[in-house]
Amino acid sequence: MAGTFGNPEVVQEEVDILIIGGGMAACGAAYEIMPWIGAAKDAGVDITVKLVDKAAMDRSGAVAQGLSAINTYIGPHQDPADYARMVSNDLMGITRDDLAYDLGRNVDDSVHLFEEWGLPIWKTVNGERFDGATWPKEGGKLLKDGGDPVRSGKWQIMINGESYKWIVAEAAKKALGSDNIQERVFIVKLVNDANDKNRVAGAVGFSTREDKVYVYKFKACLLVAGGCVNIFRPRSVGEGQGRAWYPVWNAGSTYTMAAEAGAELTMMENRFVPARFKDGYGPVGAWFLLFKAQATNAYGEVYMTKNKELLNDYPPYGQAAVPASCLRNHLMLKEMKEGRGPIYMDTVTALGKLRETLSPREVKHLEAEAWEDFLDMCIGQCGIWVGENIEPEKKNSELMPTEPYLLGSHSGCCGIWASGPEDVGAPTTEEHPEADKIPAHLPQGWNWGYRGMTTVRGLFTAGDGVGASGHKFSSGSHTEGRMAAQSMVKFVMDNKDWTPTLDTPVETLVEEIYRPVRTFLEHKDYTTAIDVNPHYITPRMLQFRLQKIMDEYVAGVATYYTTNGHMLAVAEEKLGMLKEDAMKMRAKDLHELLRAWENYHRILTAEAHMKHIQFRQESRYPGFYYRMDHNYVDEENWHCFVNSVYDKETKQWTVFKRAHKDLVDKSK
Ligand code: FAD
């Protein structure tokens with residue numbers, strides 16, 4: 001019997017493994033897990049699994065719109081250690097080599113699977129290029145049967161990827177079985193075990209379509225709900241609101257739920273500020289890498305050349321063959337701040353040069369590819385080009401650095417501190433002089449048994465969830481999900497006789513989840529205007545407040561990404577008040593209930609971001625943010641991880657350093 005808006009039906013389920021999210025990492029886990037569950041059954045252990053996604057798997061997560069490149073494919077001729085070096089340099093030296101190397105040596109298998117499942121991967125055979133449209137039907141598999149994938153960069157390969165997520169989700173659904181998948185359920189929080197507060201025992205969420213609250217109990221859980229968007233005031237306001245580079249449905253659920261469960265977070269000060277085509281947020285990778293276009297200031301000067309000496313301020317990260325992403329922004333921002341904007345992608349020159357060497361037919365094909373790059377993954381950018389009469393061969397397009405996003409699988413590395421592989425020589429003891437400040441209950445080294453497990457027992461993560469190891473992208477996130485699936489099955493087998501016990505009564509959990517609804521129903525008649533009420537705040541208004549605080553004090557676009565200790569102190573106080581007021585959010589329907597809890601997740605993620613920036617007394621990522629009171633990279637004191645744990649009872653953060661160690665020789 002379905003409940004009513006004020007009185008939801010409560011559905012309780014017990015499974016061994018719960019997967020939260022339906023994106024790339026979740027699909028990887030869903031695909032991988034069944035054979036291992038089969039092996040466990042053969043060994044006499046029955047394991048049940050369920051996947052819950054707030055949306056519909058076919059089009060959920062960051063790959064929803066499709067992509068035109070797989071950004072991580074190592075291939076037979078490259079070394080995973082080089083990949084780990086690239087990840088480290090791009091993220092200014094503070095990454096976990098164990099995680100990056102492990103990913104590098106495993107990722108290609110996922111790409112081969114995508115191809116087997118029908119994803120068209122471009123390929124060159126005997127000098128002739130084939131893509132999804134031109135590949136001969138009986139041709140077989142592109143990567144496996146010879147020929148080279150078309151690379152748009154050292155690690156990237158081109159695809160016809162409009163239906164990428166459909167293809168990957170189909171395989172995941174087929175493997176897991178539709179009975180084990182629950183779509184349109186938003187998970188609000190994890191529940192710790194009553195007998196062990198450093199362990200997870202359950203999760204609670206609600207249906208976004210029916211008046212139902214779901215309470216799950218489990219032995220292990222994979223938390224893969226993506227990164228976080230919309231904590232900063234977006235550049236798109238008014239009629240453009242809702243448009244962002246990062247897909248709007250990932251609201252920091254991964255980081256907040258993990259933090260509240262007691263998991264150690266890492267590098268939450270890191271953020272990603274992509275420079276993209278203005279207003280449409282269209283991808284620039286193909287333009288830079290495939291069409292060899294250059295970005296210029298308004299006077300046609302190539303700022304990467306003109307401002308090159310600025311890179312010398314940041315050795316060795318600025319001097320690499322490809323300087324760190326944040327530093328490329330740093331060079332662009334100089335032009336903007338000194339009044340030489342707008343910044344342009346010089347599409348006219350790039351296409352003109354191609355015309356000098358290619359036949360008209362080939363140029364036409366390339367121009368079609370440029371459009372398809374948008375159609376594959378960011379259709380809105382086509383709308384902008386059409387609406388603004390932009391023909392790329394005749395008119396250049398503006399570029400703009402976006403508002404900041406938090407993620408751990410693209411060119412960012414915030415996330416959760418996760419156990420690495422056993423065999424990559426990860427340090428087992430801390431060597432940092434401040435090791436005594438690490439809370440005693442946390443592991444000392446980088447490996448504590450199960451790859452992808454967080455510092456909370458039974459809680460695993462992958463993709464955007466795993467911190468200190470960016471550049472995994474779609475294929476790498478899928479791979480990490482697969483690795484976590486194997487670890488979770490092992491964990492459940494090792495704990496087969498353990499029974500989860502929730503530390504909070506179910507009625508209390510239901511009451512909490514539906515609090516915004518009850519607040520609304522109780523007070524809605526107090527005023528005649530539904531949105532104006534002294535007893536509640538609408539999720540929309542609360543979100544404006546969050547975005548204003550972050551934008552103005554925590555280095556958003558309003559201050560050209562600058563902040564300082566004083567501004568952060570103001571933000572700290574205001575976020576504290578916002579956290580209190582978040583308890584007064586209303587929900588007039590299920591849609592607003594979703595918005596209310598998304599906002600709650602955003603606030604805690606934003607607070608973690610602010611706390612970490614406050615703690616790290618340097619500017620590690622110039623171009624992404626600047627602490628103007630410490631506007632330098634301080635290798636001596638801050639070449640280390642900044643990690644934190646949150647206490648859900650006291651609502652306080654403990655922030656501390658962890659030693660960084662190179663496991664791959666960076667002098668090569
Ligand atoms: P996602 O795939 O984003 O999945 C998150 C999942 O969690 C979704 O299913 C979502 O519905 C669900 N979810 C969220 N909150 C909840 C909740 N509270 N309860 C239940 N479910 C929830 N990679 C490439 O290889 N090539 C590219 O060209 C490329 N371009 C990109 C462009 C953009 C704009 C972005 C953002 C990413 C791009 N990537 C690209 C990277 C790639 O998309 C990500 O690395 C990958 O999707 C991360 O996987 P994930 O599973 O961690 O998160």
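Note that ligands are numbered from 1 as they come in the structure, with each ligand's atoms numbered from 1 the same way. All values below were derived from every heavy atom in this structure, side-chain atoms included, with hydrogens, water molecules and symmetry-related copies excluded. Remember, predicted model here, so these are calculated numbers, not experimental data.
- At a heavy-atom distance under 4.0 Å, atoms from both the backbone and the side chain of D464 approach ligand 1.
- Note: an N/O pair closer than 3.5 Å links M24 and ligand 1 by distance alone.
- Only the backbone of V224 comes within contact range of ligand 1, with a heavy atom under 4.0 Å; no side-chain atom does.
- By the 3.5 Å distance cut-off applied to N or O atoms, D53 is counted among the residues near ligand 1.
- Looking at ligand 1, you'll find an N or O of A25 within less than 3.5 Å of one of its N or O atoms.
- Shown in contact with G21 at under 4.0 Å from a heavy atom are these atoms of ligand 1, numbered in order with element: 7 (O), 12 (C), 21 (N).
- A donor-acceptor pair is defined here as one N or O able to donate and one able to accept, closer than 3.5 Å; such a pair exists between the side chain of N192 and the backbone of A261.
- Salt bridge absent: K189 and E260 never bring a charged side-chain N and a carboxylate O closer than 4.0 Å.
- A salt bridge between R595 and E598 is present, with a side-chain N of the basic residue lying under 4.0 Å from a carboxylate O of the acidic one.
- For the residues K54, H471, Q65, K165, the heavy atom positioned nearest atom 16 (C) of ligand 1 is part of K54.
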Next item on the list: Would you check, one step at a time, whether the test ring pair (Phe, Tyr, Trp, His ring centres under 6.0 Å) holds for F624 with F272?
Entry: CA-CA 7 Å; F624 287 174; F272 184 38; 5.8 Å; yes

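- Of all atoms in ligand 1, numbered sequentially from 1 with element shown, those under 4.0 Å from a heavy atom of P247 are 36 (C).
- At a 4.0 Å cut-off, at least one heavy atom of M377 sits close enough to ligand 1 to count as contact.
- Judged purely by atom type and a 3.5 angstrom limit, R233 has no side-chain atom pairing as donor or acceptor with the backbone of Q547.
- Side chain of R235 to main chain of R243: no donor-acceptor pair is present (N/O by atom type, distance under 3.5 Å, no hydrogens or angles).
- Remark: side-chain polar atoms of D108 are paired, donor with acceptor, to backbone N or O of G75 under 3.5 angstrom.
- Only the backbone of V185 comes within 4.0 Å of ligand 1, judged by heavy-atom distances.
- In terms of N/O distances under 3.5 Å, ligand 1 is approached by A62.
- Distances from ligand 1 to the non-hydrogen atoms of L407 include no value under 4.0 Å.
- Considering both main-chain and side-chain atoms, W245 never comes within under 3.5 Å of ligand 1 through any nitrogen or oxygen pair.
- Atom 19 (N) of ligand 1 has I187 N, 3.1 Å as its closest protein atom, hydrogens excluded (heavy atom only).
- Residues E403 and I231 form no side-chain contact, since every pair of their non-hydrogen atoms from C-beta on lies 4.5 Å or further apart.
- D464 places a side-chain N or O within donor-acceptor distance of the main-chain N or O of G408, the cut-off being under 3.5 Å.
- Among protein heavy atoms, atom 14 (C) of ligand 1 sits closest to A225 O, 3.3 Å.
- Heavy-atom contacts of S477 reach the following atoms of ligand 1: 45 (O), 46 (C), 48 (C), 49 (O) (cutoff under 4.0 Å).
- In terms of N/O distances under 3.5 Å, ligand 1 is approached by F473.
- Of the candidates V229, L222, L67, the one placing a heavy atom closest to atom 29 (C) of ligand 1 is L67.
- Atoms of ligand 1 lying under 4.0 Å from any heavy atom of G226, numbered from 1 in the order shown and given with element: 5 (C), 53 (O).
- For ligand 1, the atoms sitting less than 4.0 Å from at least one non-hydrogen atom of G463 are 52 (O), numbered in the order shown with element in parentheses.
- Put simply, no part of K472 is less than 4.0 Å from ligand 1, judged by heavy atoms.
- Remark: the backbone N or O of G61 is paired with a side-chain donor or acceptor of W249 at under 3.5 angstrom.
- Every atom of ligand 1 is numbered from 1 in the order shown, and the set under 4.0 Å from a heavy atom of V63 is 43 (O), 47 (O).
- Summarising the contacts of atom 18 (N) of ligand 1 with G23, A29, S253, the nearest heavy atom is found in S253.
- Partner of R271 under the side chain to side chain contact (heavy atoms under 4.5 Å, CB included) criterion, out of F232, Y405, Y621: F232 alone.
- Atoms of ligand 1 found under 4.0 Å from any heavy atom of Y246, numbered from 1 in the order shown, are 36 (C).
- T479 places a side-chain N or O within donor-acceptor distance of the main-chain N or O of S475, the cut-off being under 3.5 Å.
- Considering only non-hydrogen atoms, atom 26 (N) of ligand 1 lies nearest to A69 out of A69, S60, S474.
- The protein non-hydrogen atom at the shortest distance from atom 39 (N) of ligand 1 is H410 CD2, 3.6 Å.
- Residues D102 and M483 are in side-chain contact: their nearest non-hydrogen atoms beyond the backbone lie under 4.5 Å apart.
- Few gaps surround CH2 on W385; more than 12 heavy atoms of other groups in view lie less than 6.0 Å from it.
- For the pair D16 (side chain) and T48 (backbone), a donor-acceptor distance under 3.5 Å is present.
- Between the S487 side chain and the R451 main chain, a donor and an acceptor come within less than 3.5 Å of each other.
- Distances below 4.0 Å separate heavy atoms of S409 from the following atoms of ligand 1: 44 (C), 45 (O), 48 (C).
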